[in-house]
Amino acid sequence: DAKTTQPNSMESNEEEPVHLPCNHSTISGTDYIHWYRQLPSQGPEYVIHGLTSNVNNRMASLAIAEDRKSSTLILHRATLRDAAVYYCILRRNTGNQFYFGTGTSLTVIP
Amino acid sequence: KAGVTQTPRYLIKTRGQQVTLSCSPISGHRSVSWYQQTPGQGLQFLFEYFSETQRNKGNFPGRFSGRQFSNSRSEMNVSTLELGDSALYLCASSLVPSPGSPLHFGNGTRLTVT
């Protein structure tokens with residue numbers, strides 16, 4: 001089974017960049033890499049997703065390794081509102097299965 | 001545009017009872033999926049519906065079931081509740097059931113089984 005591995009927690013200073021890593025060494029060629037974040041008492045919020053190429057949107061950037069066995073979510077300037085649990089998820093094309101990591105709890109220090 | 005709406009927000013049930021949870025997707029979204037979130041197991045996929053048909057199912061017992069209506073609204077049912085079914089149940093919608101389509105989650109239904 002595809003599986004993602006993330007650090008349990010990370011800290012960042014406010015207004016500094018944050019790099020959140022995710023390992024997915026058993027990824028298959030058609031698996032999409034998604035990132036979501038979750039605040040307490042709320043459902044996960046979509047951040048970004050990609051297949052092979054690096055992606056940018058207004059919230060973040062996603063850097064995907066050339067062999068696709070790892071990826072990094074980049075928050076360019078962390079704010080206090082970015083403090084959340086970040087989940088790296090693989091979504092498989094065949095059977096459309098979902099594989100979740102345990103999430104990284106990001107603390108932003110003012 | 002209204003987000004994904006889940007009702008009720010909180011539920012307390014007794015072992016052996018059954019429960020039905022409701023999910024209204026974002027307007028225009030035709031795919032709905034359900035997840036269970038617990039402190040021990042994290043996020044786990046339950047099932048996914050598109051055009052009133054179940055497309056995929058996670059590794060949960062048959063006590064967990066769901067359905068989707070013609071207006072894309074979805075319900076999930078858990079019968080013969082067990083203490084271990086206590087969890088946050090999340091619903092997500094997307095335009096289509098493609099792995100390249102972002103998921104939009106509701107805020108969940110917190111189920112407590114006593």
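The chains referred to below are lettered A, B, ... by the order of the sequence lines, with proteins before strands, and numbering in each begins at 1. All values below come from the heavy atoms of this structure, side chains included, with hydrogens, waters and symmetry mates left out.
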- Does the ring center of A:Phe100 lie less than 6.0 Å from the ring center of B:Tyr35? yes
- Item | From B:Ser101 atom OG to A:Tyr32 atom OH, the distance as rounded to the nearest 0.5 Å | 10.0 Å
- B:Tyr10-B:Leu90 co-clustered via ILVMFWY side chain contacts under 4.5 Å: no
- Message: When you compare the side chain of A:Asp31 with that of B:Pro99, does any pair of heavy atoms fall below 4.5 Å?
- Response: no
- Check whether B:Arg110 gets within reach of chain A through its side chain, its backbone, both or neither, counting any heavy atom under 4.5 Å. neither
- Task: Determine, using the 4.5 Å side-chain heavy-atom cutoff (strictly less than), whether A:Val55 and A:Val18 are members of one ILVMFWY cluster.
- Result: yes
- Query: Donor-acceptor pair, B:Asn107 side chain versus A:Gly43 backbone, under 3.5 Å?
  - Reply: yes
- Task: Dump the intermediate steps for side chain to side chain contact (heavy atoms under 4.5 Å, CB included) on A:Tyr46 and B:Leu103, then the final yes or no.
- Result: CA-CA 7 Å; A:Tyr46 168 76; B:Leu103 296 171; over 6 Å; no
- Report whether B:Phe45 and A:Val85 are members of the same hydrophobic cluster (ILVMFWY, side-chain heavy atoms less than 4.5 Å apart, transitive linking). yes
- Query: Linking Ile, Leu, Val, Met, Phe, Trp and Tyr through side-chain heavy atoms less than 4.5 Å apart, which residues share a cluster with B:Leu81?
  - Reply: B:Leu11, B:Val19, B:Leu21, B:Val32, B:Trp34, B:Leu46, B:Phe47, B:Tyr49, B:Phe60, B:Phe64, B:Met76, B:Val78, B:Leu83, B:Tyr89, B:Leu111, B:Val113
- Indicate, with yes or no, if A:Ile74 and A:Leu62 share a hydrophobic cluster defined by side-chain heavy-atom contacts under 4.5 Å among Ile, Leu, Val, Met, Phe, Trp and Tyr. no
- Message: Do B:Phe50 and B:Val4 sit in one hydrophobic cluster, given that two such residues count as connected whenever their side-chain heavy atoms are within less than 4.5 Å of each other, even indirectly?
- Response: no
- Item | Gap separating the CG atom of B:Leu43 from the OG1 atom of A:Thr102, nearest 0.5 angstrom | 10.5 Å
- Task: Would you indicate whether the side-chain heavy atoms of B:Gln37 and A:Gln38 approach each other to under 4.5 Å?
- Result: yes
